[in-house]
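Reminder, nothing fancy here: chain letters follow the sequence lines and each chain counts from 1.
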Number of protein chains: 2
Amino acid sequence: MARSNTLVSLQSDRCSECPIRHRAVCARCESDELAQLEEIKFYRSFAAGQTIVWSGDDMDFVASVVTGIATLTQTMEDGRRQMVGLLLPSDFVGRPGRASAPYDVTATTDVVMCCFRKKAFEEMMLSAPVIGQRLLQMTLDELDAAREWMLLLGRKTAREKIASLLAIIARRDASLKLANAHGSLTFDLPLTREAMSEYLGLTLETVSRQMSALRRDGIIVTETKRRILIPDFDRLLEETGDDSDGGFLV
Amino acid sequence: MARSNTLVSLQSDRCSECPIRHRAVCARCESDELAQLEEIKFYRSFAAGQTIVWSGDDMDFVASVVTGIATLTQTMEDGRRQMVGLLLPSDFVGRPGRASAPYDVTATTDVVMCCFRKKAFEEMMLSAPVIGQRLLQMTLDELDAAREWMLLLGRKTAREKIASLLAIIARRDASLKLANAHGSLTFDLPLTREAMSEYLGLTLETVSRQMSALRRDGIIVTETKRRILIPDFDRLLEETGDDSDGGFLV
DNA sequence: AGCCATGGTTGATCTACATCAATGCAGCAC
DNA sequence: GTGCTGCATTGATGTAGATCAACCATGGCT
């Protein structure tokens, strides 16, 4: 969730030494106050394609993604769908103080989540204010990401949208692997063309066409349909429409 | 910021008895712990059109809108602009723990804000956890609003976008006046066509055309260009594309 | 009053993306 | 091997909204 211009600073607020990965909910990473969280956590697994929570359902837990990819999606009555959240490992989902989720939470790949019963988590927040403080920071980061996403949806061209999404995923992926984002890098695209289109507010055909166009122009190389090589990350960034210093991280 | 299905519940988490209007930062409204906030607050006024903070500048205060309308806007290098926040009276702006704003904050009308030096506010958050808790709720509400906005930007038609924006403003306006939102109501549109287009990810021409179309279809009546009468709020809601139970509040 | 500035409307035309439709291609069951 | 089934690509055509451009309305100023 961290907004940052370098991979290093992104990395710095994640914990890679434990399954939960995020310091806000990881007892091994931070103060003793968080040790109590360790005692009430539990893990849940979901198969690819499985819906974790339906829009409107009660969500009686909060959770952190350990492995895999999940999405938050809103659906209109006539079936139009817009993704509004992309959860990668270490991302948090759930809202203390709110009963039901206003959108579907779906596992895009096989997913393992580290969960806490909401009630227990809320009590913990009261007794250990550091958890709430950390959660506020994470929520503010997510709000920044959502606003960057709004710029993408409202004003970017299809090509810019695709380039932006690839840059986001490449960056997140690279940060987990501590790779160097300047220069070439390779990653697995964890989304189908359809999921990409729901992220970007496009149709899947347009996504496919623009992917082909970026391939023709040498911005990306598709080792397989899902495995992408970026020969020159800076060239990709030029296609995003963002000013050079940044872009966002979901 | 509150997400709710009725005007009453929206109203319930605002305070209309004091200039700050929002209980999170209003000493007269809630626990004694907040009384200390009263001592460090100060007011600032901005003229219509004035930029309150430039993107990238240091923002050394947090604030609550008392009267008037302000906007958060992101700008791309080539000048494309997308509004990412609309601040109506009682809305909060600023981020404890973050130095600079990533977007322009602009006064759309004359604005009065109730401000707190960021440093002092942060110290207060540490000593009075209730402030942080309240802020977390507000931020989560804003995140919900941002996600609803993403659906609008990514998937709604121009007509649906306009209807949605009018419904949002009408609802917010009605909630301040305790009016009945079912039936007819009148309000002042606090945005120019251009500002509306920046909110909706459209051009101002398209905004103008769709406003005319809604007028032709009897969904709205324009008493003047800026004063709107909604003869039947439910009919307007049908045009938004949202399912009947809601819509969002910025 | 006349003039100008600002914001708003409307028309003609263009184009990026959506839509409809066919084809490709990998993995898997049999 | 054959024939699925689920993604992905590519082509032909349609259209919502952008763009370019003219004109209108209101209000403030001299």
Interatomic distance, B/Leu204 CG vs C/dT9 P [rounded to whole Å]: 10 Å
Close side-chain approach of A/Leu86 and A/Leu88, heavy atoms under 4.5 Å: yes
Flag, side chain of B/Arg147 to backbone of A/Val84, donor-acceptor distance under 3.5 Å: yes
Test side chain to side chain contact (heavy atoms under 4.5 Å, CB included) applied to B/Thr106 - qualifying residues, sequence neighbours left out: B/Thr51, B/Thr71, B/Asp104
Interatomic distance where CG belongs to B/Leu189 and P belongs to C/dG7 [whole Å]: 14 Å
Under 3.5 Å side-chain donor-acceptor pair for A/Ser208 and A/Arg193: no
Contact list for residues 52-62 of chain A, test salt bridge (charged side-chain N to carboxylate O under 4.0 Å, His left out), sequence neighbours left out: A/Asp60-A/Arg117
Between C/dA16 (C1') and A/Arg155 (CZ): distance, integer Å: 15 Å
Test side-chain hydrogen bond (donor to acceptor under 3.5 Å, both in side chains) applied to B/Thr222 - qualifying residues, sequence neighbours left out: B/Arg215
Whole-Å distance separating the CZ atom of B/Arg216 from the P atom of C/dT10: 7 Å
Interatomic distance where CG belongs to B/Leu191 and C1' belongs to C/dG8 [whole Å]: 15 Å
Sugar-phosphate, base or nothing in reach of A/Gly49, heavy atoms under 4.0 Å: nothing
Salt bridge flag under 4.0 Å for residues B/Arg155 and A/Glu198: no
Segment of DNA chain D, first to last nucleotide, that comes within the 4.0 Å heavy-atom reach of chain A: D/dA8 to D/dA12
Separation of C/dG24 P from A/Arg193 CZ (nearest whole Å): 18 Å
Euclidean distance, atom CD of residue A/Glu205 to atom P of C/dA16 [Å, nearest integer]: 18 Å
Test: B/Arg95 and A/Asp141 ion pair at under 4.0 Å: no
Student check: side-chain heavy atoms of B/Met211 and B/Leu166 closer than 4.5 Å: yes
DNA chain C contacts made by residues 218-226 of chain B, counting heavy atoms under 4.0 Å: B/Lys225, B/Arg226
Sugar-phosphate only, base, or nothing, as touched by A/Thr203 at under 4.0 Å among non-hydrogen atoms: base
Sorted by number, the residues of residues 206-215 of chain A with heavy-atom contact under 4.0 Å to DNA chain D: A/Ser208, A/Arg209, A/Ser212, A/Arg215
Test: B/Arg227 and B/Asp188 ion pair at under 4.0 Å: yes
Side-chain heavy atoms of B/Lys156 within contact of B/Asp242, under 4.5 Å: yes
